Amino acid sequence: MWPVIAIAATALALGIATTGLMAASGAFHRPSPAAWRAQSSQCGAPAAQGTAVDVTVWDMGRMMRGPDRPAPNSGRPGRYGMSMMRLTVHPTAVPAGKVTVRVVNAGTLTHEVIVLPLPAGRTAGERAIGSDGRVSEAGSLGEASRTCGSGAGEGIASGAAAWTTVTLRPGRYELLCDVPGHYAAGMYAELDVTR
């Protein structure tokens, strides 16, 4: 009986510590556009062309790895806890037309943001994940993965920003991180585009 109580107490203490860390890091808060610019310590995105969509990507870094999990960005698929990674979008709805997606990496790992149309009847987070830990990027409309730059690159470094400008028609879109294992860990959000 004592081992069960000790395990439960340890799990409770770990849960409280993790929640405290997430709260202290601001993971439970969606930044305002003004706060978004201040988050990037290495560089900032230029003024938006059209409507701005501010995206924050976040992770718990080294705390996520365990003996059965590959090193992030190693190219090997892995599974991460849903609460360990986040991708937030502000605002969640914009008018059709030119949209600049500005991303700041508030985590410790390298991330990226891909813009994909969301199929009818589907919700964000439902894409099939391949054996490589990634989803298909077929039909991608844009990518922000160049540290301190626009478009595709090698990923957004910790503390840096990236951006891409796309023209979006009315509909539903999914913004996601397709670094191996990150989509499965919860790095996706819906963006609605209205007339």
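Below, each value reflects all heavy atoms present in this structure, side chains not excepted, and no hydrogens, waters or symmetry copies. Treat the numbers as computed from the prediction; the structure is a model and nothing was measured.
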Return the [atom1] to [atom2] distance between [X] and [Y], rounded to the nearest 0.5 Å.
X      : Y      : atom1 : atom2 : answer
Arg172 : Thr123 : CZ    : OG1   : 7.5 Å
Arg86  : Met60  : CZ    : CE    : 11.0 Å
Ser145 : Asn105 : OG    : CG    : 12.0 Å
Leu176 : Arg134 : CG    : CZ    : 10.0 Å

Residue pair [X] / [Y], side-chain heavy-atom distance below 4.5 Å:
X      : Y      : result
Tyr188 : Val135 : no
Leu116 : Glu143 : no
Pro180 : Asp132 : no
Thr51  : Pro95  : yes

Between [X] and [Y], what is the shortest heavy-atom contact and its length?
X      : Y      : answer
Cys43  : Ala161 : SG-N, 3.5 Å
Leu87  : Cys177 : CD1-N, 3.9 Å
Leu191 : Ala93  : CD1-N, 4.2 Å
Ala52  : Pro91  : O-CD, 3.6 Å
Pro170 : Arg195 : CG-CG, 3.8 Å

Whether the side chain of [X] engages the backbone of [Y] through a donor-acceptor N/O pair (distance < 3.5 Å, no angle test) should be reported.
X      : Y      : result
Glu174 : Gly125 : yes
Tyr183 : Arg127 : yes
Thr100 : Gly50  : no
Asp59  : Met85  : no

Q: Give a yes-or-no answer on whether the side chains of Thr92 and Asp192 include a donor-acceptor pair shorter than 3.5 Å.
A: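 Asp192 and Thr92 do not have a side-chain donor-acceptor pair below 3.5 Å.
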
Q.
Quick one, Val115 with Val99, criterion side chain to side chain contact (heavy atoms under 4.5 Å, CB included). Give me CA distance, side-chain angles, the key distance, then yes/no.
A. CA-CA 11 Å; Val115 181; Val99 174; over 6 Å; no

Q: Might you confirm whether atom CD of Glu154 has over 12 heavy atoms from other residues, nucleotides or ligands at distances under 6.0 Å?
A: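 No, not enclosed.
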
Would you kindly confirm whether [X] and [Y] end up in one hydrophobic cluster when ILVMFWY residues are joined by side chain heavy atoms under 4.5 Å apart?
X      : Y      : answer
Leu118 : Val193 : no
Trp163 : Met187 : no
Val166 : Val89  : yes

Q: Let me know which of Thr164, Asp54, Thr56 forms a side chain to side chain donor-acceptor pair (under 3.5 Å) with Arg102.
A: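 By the side chain to side chain donor-acceptor pair (under 3.5 Å) criterion, Arg102 pairs with just one of Thr164, Asp54, Thr56: Asp54.
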
**Q.** Option passing side-chain contact (heavy atoms from CB on, under 4.5 Å) with Glu112 (candidates Val103, Asp178, Val57)
**A.**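 Checked Val103, Asp178, Val57 against Glu112; only one passes side-chain contact (heavy atoms from CB on, under 4.5 Å): Asp178.
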
